[in-house]
Peer 1: 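Sharing a structure here in structure tokens format.
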Amino acid sequence: MTTPDSDSLLAEQLLRLTRRVHGIQKRQLHERGLGVTPAQSRLLRTLAHWETPPRMADLAERLEVVPRAVTTLVDGLEASGKVRRVPDPANRRVIRIELTEEGLKTLQGLRDVRRAAAEEILAPLTNEQRDVLGGLLDMLVDGRH
């Protein structure tokens, strides 16, 4: 049976784990020289899930940030050749954002960073413990009981 104190401890542990994951990923982004910030990496990963290049407003909505934040991220990624702005074929006033070849290469590097971070964090666990943790995390993410 859980108590309010044990729930607080669990919440604190989850926050500490999240910070550790972010710290490891940030360190590995720097060590591998991918040339992106954590926020830019999130935008690149988000872009990869669209079948057709999205508008800036679409990205802002999906990322749950203000459009100005997306503009700043896209500016940086465009300057480094990872994305480009392209006109919408149906409406020239609309600008869409698409990944470049460099952006696709960077995405592969980001996948490697995430995999390495997961390996580092999960190293103390056995395969059975990883399976249990995966099931528990699925329940928490999905909100199932």
Side-chain angles (χ1 to χ4, degrees), residues 2 7-145:
T2 64
D7 287 345
S8 294
L9 176 60
L10 284 171
E12 180 60 30
Q13 289 172 310
L14 287 170
L15 289 172
R16 287 179 29 220
L17 178 60
T18 300
R19 283 193 294 267
R20 183 166 177 231
V21 169
H22 286 268
I24 290 169
Q25 288 179 340
K26 189 173 181 179
R27 183 189 80 231
Q28 292 207 6
L29 281 173
H30 177 73
E31 287 173 0
R32 293 175 189 235
L34 292 176
V36 294
T37 65
Q40 289 173 330
S41 70
R42 185 170 173 235
L43 188 139
L44 288 172
R45 289 191 317 271
T46 301
L47 261 177
H49 293 287
W50 255 285
E51 288 185 30
T52 60
R55 300 171 306 134
M56 294 254 218
D58 299 328
L59 285 168
E61 184 178 322
R62 178 81 52 94
L63 294 169
E64 297 179 346
V65 298
V66 296
R68 178 70 190 128
V70 171
T71 300
T72 301
L73 293 172
V74 168
D75 287 347
L77 290 168
E78 188 175 38
S80 65
K82 293 173 178 57
V83 302
R84 68 178 146 250
R85 289 171 166 91
V86 295
D88 184 299
N91 183 346
R92 293 186 328 207
R93 293 176 294 167
V94 174
I95 299 297
R96 296 191 174 269
I97 309 302
E98 70 179 10
L99 287 165
T100 62
E101 284 299 317
E102 183 64 28
L104 291 169
K105 288 179 196 172
T106 301
L107 268 175
Q108 184 55 53
L110 292 172
R111 287 183 191 104
D112 294 344
V113 163
R114 289 174 74 106
R115 191 175 306 111
E119 287 172 8
E120 185 174 330
I121 287 184
L122 298 173
L125 301 180
T126 65
N127 286 339
E128 183 179 293
Q129 289 170 323
R130 289 176 188 210
D131 289 343
V132 169
L133 178 61
L136 293 170
L137 290 172
D138 281 344
M139 286 174 57
L140 294 174
V141 169
D142 296 343
R144 297 185 317 230
H145 297 292

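Sequence positions, counted from 1, serve as the residue numbers for this chain.
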Peer 1: Just wondering, more than 12 heavy atoms not from Glu64 lying within 6.0 Å of its CD?
Peer 2: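 For Glu64, atom CD is not crowded (no more than 12 foreign heavy atoms under 6.0 Å).
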Peer 1: Applying side chain to side chain donor-acceptor pair (under 3.5 Å), name anything that partners Arg27, two or more places apart in sequence or on another chain.
Peer 2: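 Arg27 satisfies side chain to side chain donor-acceptor pair (under 3.5 Å) with Glu31, Glu120 once adjacent residues are dropped.
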Peer 1: How long is the span from the CZ atom in Arg42 to the CG atom in Leu44, to the nearest 0.5 Å?
Peer 2: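 Between atom CZ of Arg42 and atom CG of Leu44 there are 12.0 Å.
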Peer 1: Once you round to the nearest 0.5 Å, how far does CG of Leu29 lie from CD1 of Ile24?
Peer 2: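 The CD1 atom of Ile24 is 12.0 Å from CG of Leu29, to the nearest 0.5 Å.
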Peer 1: Using salt bridge (charged side-chain N to carboxylate O under 4.0 Å, His left out) as the criterion, list what pairs up with Asp131, not counting sequence neighbours.
Peer 2: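 With neighbours one apart ignored, the set is empty.
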Peer 1: Locate the shortest heavy-atom distance separating Gln25 from Ala117; write the atom from each residue and the value.
Peer 2: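 Looking at all heavy atoms of both residues, the shortest contact is CG-CB, 3.8 Å.
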Peer 1: Go through the steps to decide whether Leu110 and Val36 satisfy the test side chain to side chain contact (heavy atoms under 4.5 Å, CB included), and finish with yes or no.
Peer 2: CA-CA 9 Å; Leu110 292 172; Val36 294; 4.0 Å; yes
Peer 1: What residue pairs, at least two apart or across chains, pass salt bridge (Lys or Arg N to Asp or Glu O under 4.0 Å) with a residue in residues 108-119?
Peer 2: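 For residues 108-119, and leaving out neighbouring residues, the salt bridge (Lys or Arg N to Asp or Glu O under 4.0 Å) pairs sorted by first residue read Asp112-Arg115.
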Peer 1: Can you name the closest pair of heavy atoms from Leu47 and Ile97 and give their distance?
Peer 2: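 Heavy-atom minimum between the residues: CD2-O, 3.4 Å.
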Peer 1: NE2 of His22 to CG of Leu17: how many Å apart, nearest 0.5 Å?
Peer 2: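 So the NE2 of His22 and the CG of Leu17 are separated by 9.5 Å.
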Peer 1: Quick one: closest heavy-atom pair of Lys26 and Pro38, and the distance?
Peer 2: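 So the minimum-distance heavy-atom pair works out to CG-CG, 4.2 Å.
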Peer 1: Can you list the residues that meet the side-chain contact (heavy atoms from CB on, under 4.5 Å) rule with Leu133, with sequence neighbours excluded?
Peer 2: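 Once residues adjacent in sequence are excluded, the partners of Leu133 under the side-chain contact (heavy atoms from CB on, under 4.5 Å) criterion are Leu122, Leu125, Leu137.
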Peer 1: Please name all residues satisfying side chain to side chain donor-acceptor pair (under 3.5 Å) with Gln129, sequence neighbours left out, ordered by chain then number.
Peer 2: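 Testing Gln129 for side chain to side chain donor-acceptor pair (under 3.5 Å), a comparison that skips the adjacent residues, returns Thr126.
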Peer 1: Is there any side chain to side chain donor-acceptor pair (under 3.5 Å) pair reaching into residues 44-57, and which pairs are they, with sequence neighbours excluded?
Peer 2: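 Checked against side chain to side chain donor-acceptor pair (under 3.5 Å) - neighbours excluded - the pairs reaching residues 44-57 are Ser41-Arg45, Arg55-Asp58.
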Peer 1: In Å and rounded to the nearest 0.5 Å, what is the CG to OG1 distance from Leu77 to Thr72?
Peer 2: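 Leu77 CG to Thr72 OG1: 11.0 Å, rounded to 0.5 Å.
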Peer 1: Once salt bridge (charged side-chain N to carboxylate O under 4.0 Å, His left out) is applied, do any residues pair with Arg62, and if so which ones, sequence neighbours excluded?
Peer 2: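 Arg62 satisfies salt bridge (charged side-chain N to carboxylate O under 4.0 Å, His left out) with no residue once adjacent residues are dropped.
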Peer 1: Can you name the residues that form a side chain to side chain donor-acceptor pair (under 3.5 Å) with Thr18, not counting sequence neighbours?
Peer 2: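 With sequence neighbours excluded, Thr18 shows a side chain to side chain donor-acceptor pair (under 3.5 Å) to no residue whatsoever.
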Peer 1: Around atom CZ of Arg19, are there more than 12 heavy atoms of other residues, nucleotides or ligands at under 6.0 Å?
Peer 2: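 Yes, CZ of Arg19 has more than 12 neighbouring heavy atoms, counting only those of other groups under 6.0 Å.
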Peer 1: Could you work out, with side chain to side chain donor-acceptor pair (under 3.5 Å) as the rule, every residue matching Asp88, not counting sequence neighbours?
Peer 2: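 Listed in chain order: Arg96.
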Peer 1: Not counting sequence neighbours, which residues clear salt bridge (charged side-chain N to carboxylate O under 4.0 Å, His left out) with Asp138? List them please.
Peer 2: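 Not a single residue meets the salt bridge (charged side-chain N to carboxylate O under 4.0 Å, His left out) criterion with Asp138.
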Peer 1: Apply side chain to side chain contact (heavy atoms under 4.5 Å, CB included) to Leu59 and Val65, showing your working.
Peer 2: CA-CA 8 Å; Leu59 285 168; Val65 298; over 6 Å; no
Peer 1: For Leu63 and Val70, which heavy atoms make the closest approach, and how far apart are they?
Peer 2: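 So the two residues come closest at CD1-CG2, 4.3 Å.
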Peer 1: For side chain to side chain contact (heavy atoms under 4.5 Å, CB included), just list the numbers for Ile95 and Met56, CA-CA rounded to whole Å, side-chain angles, deciding distance to a tenth of an Å, and then say yes or no.
Peer 2: CA-CA 8 Å; Ile95 299 297; Met56 294 254 218; 5.8 Å; no
Peer 1: Salt bridge (Lys or Arg N to Asp or Glu O under 4.0 Å): which pairs involve residues 97-110, sequence neighbours left out?
Peer 2: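 Listed by first then second residue: Arg84-Glu98.
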Peer 1: Partners of Glu128 by salt bridge (charged side-chain N to carboxylate O under 4.0 Å, His left out), sequence neighbours excluded?
Peer 2: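 Scan of Glu128 (salt bridge (charged side-chain N to carboxylate O under 4.0 Å, His left out), adjacent residues dropped) gives none.
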